[in-house]
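Below, read A as the first sequence line, B as the second, and so on, with proteins coming before strands; counting in each chain starts at 1.
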Amino acid sequence: MLSRVANSIYWLGRYLERAENYARFIDVNINLSMDLPPDMNEQWEPLVLATGDHELFVKKNLKFDRKNVIHFLTFDSDNLNSIISSITFARENARIIRENLTKETWEKLNELYHFVQKKSTKKEWKAEDLREFFESVKNQVLLLYGLAESTVARTEGWHFRQLGMYLERADKTSRILDVKYHIILPSPTMIGTPLDFLHWTALLKSVTAFNTYRRIYGNIDSSNVVEFLVLNKYFPRSMFFCLVEAEKCLQKITGEGASGYRNSAEKAMGELRSKLEFDDVSDVINSGLHEYLDDMQLKINKISNEIDQNFFQIKHNFVSQINEQ
Amino acid sequence: METVNYQINGNFDEMFNPDGACRQHYNSFLSLVKKTSPKKMSQLQFSANKTQIAMGMTFNVYHDNQGTEKILHLDIVPRIIPNSEWKLLEAGLKQRIHALNLFLQDIYNERKILKDGIVPEDLILKSKDYLEPCIGLTPPKGIWCHITGTDLVRDKNGEYYILEDNLRCPSGVSYMLESREIIKRAYPELFNSMGVMPVSDYPAKLLKMLQFLSNKEKPIVGVLTPGIYNSAYFEHSYLALQMGVELVSGIDLVTKNNKVYMQTTKGLQQIDVLYRRIDDTFMDPMAFNPDSMLGVPGIFEAYKAGNIAFANAPGTGVADDKAVYAYVPRIIKYYLNEEPILNNVPTYLCREEDDRKYVLENIHNLVVKETNAAGGYGMLIGPKADAAEHEKFRNLIRNNPNNYIAQPTLSLSTVPTLTEDGLEGRHVDLRPYILYGEEIEVIPGALTRVALKKGSLVVNSSQGGGSKDTWVLYN
């Protein structure tokens, strides 16, 4: 597969997953705000802090209110991570490699793009209940996943796309969890109160994990939620699950066989996966949840850079490669 | 929907005779139209355009990532060609491509036709499209113009004329293919009963032709595109997808030891044939335009060494120069010893004294064209211009006669087209596609471009042109 094509497929996977997760992020807060007692203020800044878009938001000199934050994370094309940007980039990547996609995939993605574009220009979006819109974005992304699941051959391109998707999801799950860190409780004594409970519930719901969590753990408890979203072996949005799957993709791409690692991307991936495999929840809590998640995000970035170097940027050493042939 | 008010206005209409009676090959279509309400027709038109957008059948007019992409409006009334007419077109196009290919091989090698004085030497050797690096070259299998999209028009009497030869990467074939799919959905029952020749095997034929250019048993083929910002990008990726080959751009390719490689995730893989959709002179900054960012340094050397084939071969542009065009009937006679089956539009060469005199005297009735400009640039439409413009072009011609040709204004034929006021005649041209591999094959279909503006003769997509599906009948 052409390096350039692999690169685009990888990013197609990442951007689609990013768009879906941003829809989930915003949902956390909308869910939360509806359950808040009337005397509490909605908190919108934590969302922007957790997504990592804080710097740009501050530069734009905006107030952290519902309208501004939702617009910023959804329809603002200056924000390169917003839903509209992610969908646009996903489509641009798809356009570049269209000959590698099934016709349905392209057409559904194109529809999603036009849907989001159209919504963004509508003046009345502020007045509408945007939850329907976010629901629709999620559903359309899931439709694309379903299409791929049942129509795409499991060749290299598939693995690059899944690799992008799982890495992005691991990153975003860590960020969704991080929202909780940034949401300030009125006082530290309120940990474990109904309000704290509300926060955790909203968070679990936003990643469609509430029922599954209940079945496994029963009561809402902060360290259990952390364990579930970071270390669970079976839940497809937990960070550990995502890294295990991402690692499998990478191995399929390099080729079956050998234990250990065969390139620096596999090395970085294996290290992070095994860290999660051998950590337990007290290791996470003891390092400080926010610090732990921050470190994870940096390591995921490093893996992504290694993938870039090993598979997409081979031009720089092409001469030695030709000589081998 | 009724057609009683349809105006023919003295044009040659593809559907109706001058007396208003329907031509035989349009009868089935007419009875369908009569059964269909105007509202239903509009709905068909609406859903056709909607499908085009959903398919991303767009051409680009943009530079940022959220700019406009436009569709080439597809009109739902087909242009229908009876088989007897098609046979003539087919024979004429084969003859012409055959002769032009011999011509290209000759002017880059022995130059017999120049030495025999049939075509003026300076017209060829001084042309900017005559590529020095190609001199002495014979492309793989001796074929220069593998893919041609010849433009034809019909005059008032229904006579077909060749307008342009388009020997360098003609575009539009994807519209022919996708339009057919859309129109099939609009009139499924007609397709069952009328006997329309299929075009859907074009990508398979194209691939076979490209593979033929290599001597390897399983050659690796690719489509070379300038990239996503090229206006025909949709077509490049569409054709790669349909053929199941890689779509590559310059940055994906490297050369070494006169071989061309693609950069893949598993290292470098040699590529053998390129359907290149970038201009000759942008292909290799080392051989041609040193400023080209699109090309692949060293790829022309690999071509000379016989390690890669290009379709079309570099250097074909010289044969579709507007002045060379005027010599094509003589070129056909010279190489094939046959009379041309399809006519040229009568062309006055300002480089020849008698012709020049005629052009200067009759400029108000003529279309004057610069010989090496394309896309309607450097053109004068005599009947529509004022005296000052006439004088300006007279001076241009006197100062540089070699640079100009002139042709009488042609009236293009019309086809009924759905407008806000119902069906009205609109002018069309015709672009069939010809492949030259093991043999020369004319694809039974075409891109019919239509000038959507009432009375307009300009069919270009950039100036309000649309398209029609083109049906060639079995009978």
Side-chain angles (χ1 to χ4, degrees), chain A residues 1-10 77 80 84-85 87-89 91-104 106-111 113-114 116-117 120-121 155-157 159-160 253-255 263 265 307 310-325, chain B residues 50-58 60 62 64-69 174 178 181 203 220 222-223 225 227-230 233-271 296 298:
Chain A
M1 165 165 280
L2 289 181
S3 297
R4 178 179 55 81
V5 171
N7 192 5
S8 284
I9 293 187
Y10 171 79
S77 48
L80 300 181
I84 202 165
S85 298
I87 297 291
T88 304
F89 292 143
R91 179 174 176 270
E92 283 297 289
N93 276 291
R95 242 158 71 80
I96 294 170
I97 52 153
R98 195 162 145 185
E99 72 289 354
N100 284 278
L101 301 176
T102 59
K103 192 177 158 82
E104 287 88 349
W106 163 254
E107 289 185 11
K108 292 299 162 202
L109 178 55
N110 204 25
E111 263 174 39
Y113 167 80
H114 287 298
V116 176
Q117 285 289 340
S120 73
T121 54
T155 50
E156 220 181 334
H159 297 303
F160 270 111
I253 291 164
T254 322
N263 55 55
I307 291 170
N310 277 283
F311 300 106
F312 308 150
Q313 306 296 338
I314 64 156
K315 193 168 195 165
H316 305 298
N317 50 12
F318 77 87
V319 177
S320 62
Q321 294 209 21
I322 292 178
N323 291 339
E324 281 164 24
Q325 288 187 354
Chain B
K50 214 179 138 197
T51 312
Q52 284 185 291
I53 292 175
M55 285 173 161
M57 250 176 99
T58 53
N60 297 343
Y62 77 104
D64 72 335
N65 57 18
Q66 299 189 359
T68 8
E69 289 162 37
S174 60
E178 286 287 68
E181 292 310 309
I220 303 294
V223 177
T225 175
I228 190 162
Y229 296 109
N230 185 272
Y233 181 77
F234 161 75
E235 178 158 304
H236 307 160
S237 86
Y238 178 86
L239 290 173
L241 174 67
Q242 295 297 321
M243 288 193 287
V245 303
E246 294 289 359
L247 178 67
V248 297
S249 54
I251 56 164
D252 298 320
L253 301 176
V254 290
T255 58
K256 178 82 182 172
N257 300 333
N258 286 339
K259 288 181 179 150
V260 185
Y261 297 90
M262 299 188 282
Q263 302 174 72
T264 78
T265 53
K266 301 235 172 4
L268 296 159
Q269 185 186 14
Q270 198 185 339
I271 188 163
V296 184

Side chain, backbone, both or neither of B/Val223 within contact of chain A (heavy atoms, under 4.5 Å)
neither
Grab the two heavy atoms, one from B/Val245 and one from A/Glu99, that are nearest each other, plus how far apart they are.
O-CG, 4.3 Å
CE of A/Met1 to CD of B/Gln269: how many Å apart, nearest 0.5 Å?
11.5 Å
Distance check, rounded to the nearest 0.5 Å: A/Glu156 atom CD versus B/Thr265 atom OG1?
3.0 Å
Straight-line distance of A/Ile97 CD1 to B/Leu241 CG, nearest 0.5 Å:
11.0 Å
Tell me every residue that passes salt bridge (Lys or Arg N to Asp or Glu O under 4.0 Å) with A/Lys108, counting only those two or more places apart in sequence or in another chain.
A/Glu111
Backbone N or O of B/Thr264 within a donor-acceptor pair of the A/Ser3 side chain at under 3.5 Å?
yes
Inter-residue atom distance B/Leu247.CG - A/Arg4.CZ, 0.5 Å rounding
6.0 Å
Given side chains that start at C-beta, do those of B/Ile228 and A/Glu92 come closer than 4.5 Å, heavy atoms only?
yes
Say whether, by atom type as modelled, one donor and one acceptor occur between the side chain of B/Tyr238 and the main chain of A/Arg98 under 3.5 angstrom.
no
Quick one: CG on A/Leu2 to NZ on B/Lys266, what's the gap to the nearest 0.5 Å?
12.5 Å
Measuring heavy-atom distances to chain A, does B/Thr225 have an atom under 4.5 Å in its side chain, in its backbone, in both, or in neither?
neither
